[in-house]
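Shown next, in structure tokens, is the structure this report addresses.
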Amino acid sequence: MSSDKVPMEKIRNIGISAHIDSGKTTLTERILFYTGKIHRIEEVRGKSGVGAKMDSMDLEREKGITIQSAATFCMWGDYNINIIDTPGHVDFTIEVERALRVLDGAVLVLCAVAGVQSQSITVDRQMTRYNVPRIAFINKMDRSGANPYRVAAQLREKLGHNAHMIAMPIGAEDKFEGVIDLINMKANYYDGDNGENIRLEEIPADLLPKAQELRHELVGAMADFDDDVAHLYLDDKDVSPEMLMQAVRKATLSLKFVPVMMGSAYKNKGVQLLLDNVCSILPNPSEVENIALDQDNNEAKVAMESTPDKPFVALAFKLEDGRFGQLTYMRIYQGKVNKGDTIINSVNQKKVKVPRLVRMHSDEMHDIESSRAGDIVAMFGVDCASGDTFTDGTNRLTMTSMHVPNAVISLAVAPKDKTGAANFSKALNRFTKEDPTLRVHRDEESAQTIISGMGELHLEIYIERIKREYGCEVVAGQPQVAYRETITNHVDFVYQHKKQTGGSGQYAKIGGYMEPLPVDAVETYEFVDDIVGGSIPREYIPSCDKGFQEQLKTGQLIGAPVVGVRMCVNDGASHAVDSSDMAFRICAMTAVRENYDKAKPVVLEPIMKLEVQAPEEFQGTVVGQINQRRGVIAMTQTEGSYFVVNAEVPLSEMFGYSTDLRSATQGKGEFTMEFLKYAAAPRNVQDELVKKYQEKRAAQSK
């Protein structure tokens with residue numbers, strides 16, 4: 001059956017997400033092999049130099065990591081599965097965000113040895129943010145130290161999931177032979193060079209008691225979701241596989257249950273059973289609630305209906321600059337679109353003709369004539385930004401956008417020679433359009449181009465891509481940390497701004513206070529209007545707010561943005577002729593400037609959550625290194641011959657850490673790092689930063 005004739009209930013849109021190095025790309029590679037999309041298996045770090053199909057960028061193949069999420073589609077029986085393989089590295093977290101934003105279900109891949117790692121927690125949080133039902137797949141069952149029971153327990157303890165096994169391993173480590181399907185109570189063995197021949201057997205006698213015990217636990221968990229299962233469970237009667245599968249599906253879709261499976265993608269075991277369960281358990285597009293906002297009706301929420309006969313609505317969730325121009329990945333939520341149709345960008349009301357419609361298979365394209373609700377396709381020649389909504393013009397709906405985390409690190413970059421300047425700006429233009437977490441701005445004081453992103457690797461990859469894809473060598477300065485400033489004291493102020501120059505002058509007077517916001521406040525700035533009796537006319541109050549915000553963009557300690565401030569106006573005066581928006585704005589700005597020192601400002605630095613894994617014999621060295629970098633160790637635990645350290649470390653101390661860790665652990669140590677919070681910098685660090693800032697200002701004023 002060709003994929004465009006598949007009924008809606010047979011479509012699955014799934015993402016494969018996990019901590020770095022859990023085997024996502026290898027798993028996707030096996031899925032493509034078993035569904036007949038590729039005819040030869042390539043390893044992620046294979047000797048052939050070909051690399052995995054889903055890692056189509058040269059950089060991905062060299063580094064053995066996934067940088068961009070890659071989309072593909074395949075048929076498993078009569079089910080059409082659209083798959084997005086996402087990066088595991090925290091620096092490319094936006095790729096996971098945007099994939100989960102448009103997917104209906106996901107497979108959370110975990111390593112049977114390492115279990116739930118820091119990045120698994122982040123990915124799981126992202127799945128929860130977008131209400132994505134998931135199946136947990138414990139991979140790498142062939143590795144020494146593999147223990148799926150411990151990982152299932154971690155899913156319950158660390159992630160707080162109601163997680164139960166729906167499969168059980170036959171052996172483990174080098175004796176891992178296959179998987180027992182606990183729903184159908186059959187043993188699955190995978191024969192042949194690539195595990196393509198599935199052999200179903202009765203469960204081996206020595207494993208039967210354990211399998212029965214796990215199935216009994218599963219039925220008990222399902223009793224909460226299905227009354228029929230509950231009656232049979234209480235009467236201690238057998239539950240049929242069909243009834244149990246139905247209950248597991250219902251529980252998973254309610255987001256209150258996570259089925260757990262296991263296998264070894266590398267050793268070709270357990271992947272086909274996972275595919276069966278993706279089709280049986282995860283939702284089809286019509287079973288997921290997707291909400292759009294109606295721009296013509298005060299952003300009222302409108303539920304999308306996954307049917308082809310409703311007005312067309314689609315979300316552009318990812319852009320890529322391919323050989324033939326901009327390729328825009330679209331998830332179609334409602335209606336249908338044909339090649340040659342005209343669609344309208346809800347954001348700027350621009351009309352766009354769809355010249356070419358394709359389905360993506362990693363970096364290969366398959367032309368199609370039309371596409372409908374539930375599909376994930378790509379279009380050429382559709383110019384837009386990531387996150388734009390397209391409609392057929394009968395409505396003005398926009399899909400809710402995705403969460404974009406703030407940048408934590410910046411670099412000053414410039415082309416090595418002047419001739420590369422045009423390509424340099426072309427590259428930055430393209431990359432910022434494609435990746436919302438990469439930000440570019442010009443520092444007016446130093447006249448430098450500054451790029452900001454999620455981490456060292458993130459910026460490193462983009463600098464390398466500018467060199468390779470645009471032939472432009474880049475010179476990068478020292479990494480800059482995104483510091484902030486805040487105040488620690490409540491200060492009352494009264495300020496009068498008066499200027500008389502020929503004609504009408506400027507007059508404004510405001511009174512109020514500035515104070516720090518509570519530590520746990522979500523907002524970084526709050527404006528309080530306490531004016532009573534019209535001492536400041538209503539039309540000038542927004543000007544005060546604007547003036548405060550403008551002045552707080554650059555603090556006076558180190559010129560960093562000021563956060564965590566509540567500004568209040570509660571008194572003031574105006575003049576019938578001389579008062580204006582501008583006068584109140586200048587008055588507000590000067591009031592902040594004059595009283596900033598009295599509010600006892602401090603510098604805040606970004607603190608990162610660091611997780612390091614290394615062999616046990618290096619524990620002392622690794623902990624010593626973290627302490628040297630002003631790290632605070634939150635937890636250490638030993639798993640097999642490895643130990644794991646969780647710590648909180650200032651980002652400014654983490655440059656060059658990967659090299660130090662590798663040399664201290666003979667290349668065996670791994671770490672992941674993600675932004676956690678802002679915290680006050682120690683006095684000596686603050687003094688050093690203030691001194692540098694003053695020297696820089698002095699040099700510029702000469």
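Heavy atoms from other residues, nucleotides or ligands lying under 6.0 Å from CD of Glu177 number more than 12. More than 12 heavy atoms of other residues, nucleotides or ligands sit less than 6.0 Å from atom CD of Glu616.
No option in Gln619, Gln637, Gln613 other than Gln619 meets the side chain to side chain contact (heavy atoms under 4.5 Å, CB included) test with Phe643. Looking at Asp104, Asn13, Thr72 one by one, the single match for side-chain hydrogen bond (donor to acceptor under 3.5 Å, both in side chains) with Asn82 turns out to be Asn13.
For the pair Ile170/Lys175, no side-chain contact is recorded, criterion being any heavy-atom separation below 4.5 Å from C-beta on. Counting only heavy atoms from C-beta outward, the side chains of Asn268 and Tyr34 approach each other to under 4.5 Å. In this structure the side chain of Ile81 never reaches within 4.5 angstrom of the side chain of Phe73, judged on heavy atoms. Looking at Pro311 and Thr391, their side chains never come closer than 4.5 Å, going by heavy atoms from C-beta outward.
A salt bridge links Lys186 with Glu202: the closest approach of a Lys/Arg side-chain nitrogen to an acidic carboxylate oxygen falls below 4.0 angstrom.
The list of ring-ring contact (aromatic ring centres under 6.0 Å, His included) pairs with a residue in residues 201-234, not counting sequence neighbours, reads His216-Tyr233.
Annotation: cation-pi pair Arg331/Tyr329 absent, no NZ/CZ under 6.0 Å from the ring centroid and within 45° of its normal.
The salt bridge (charged side-chain N to carboxylate O under 4.0 Å, His left out) test applied to Lys158 returns no partner, not counting sequence neighbours.
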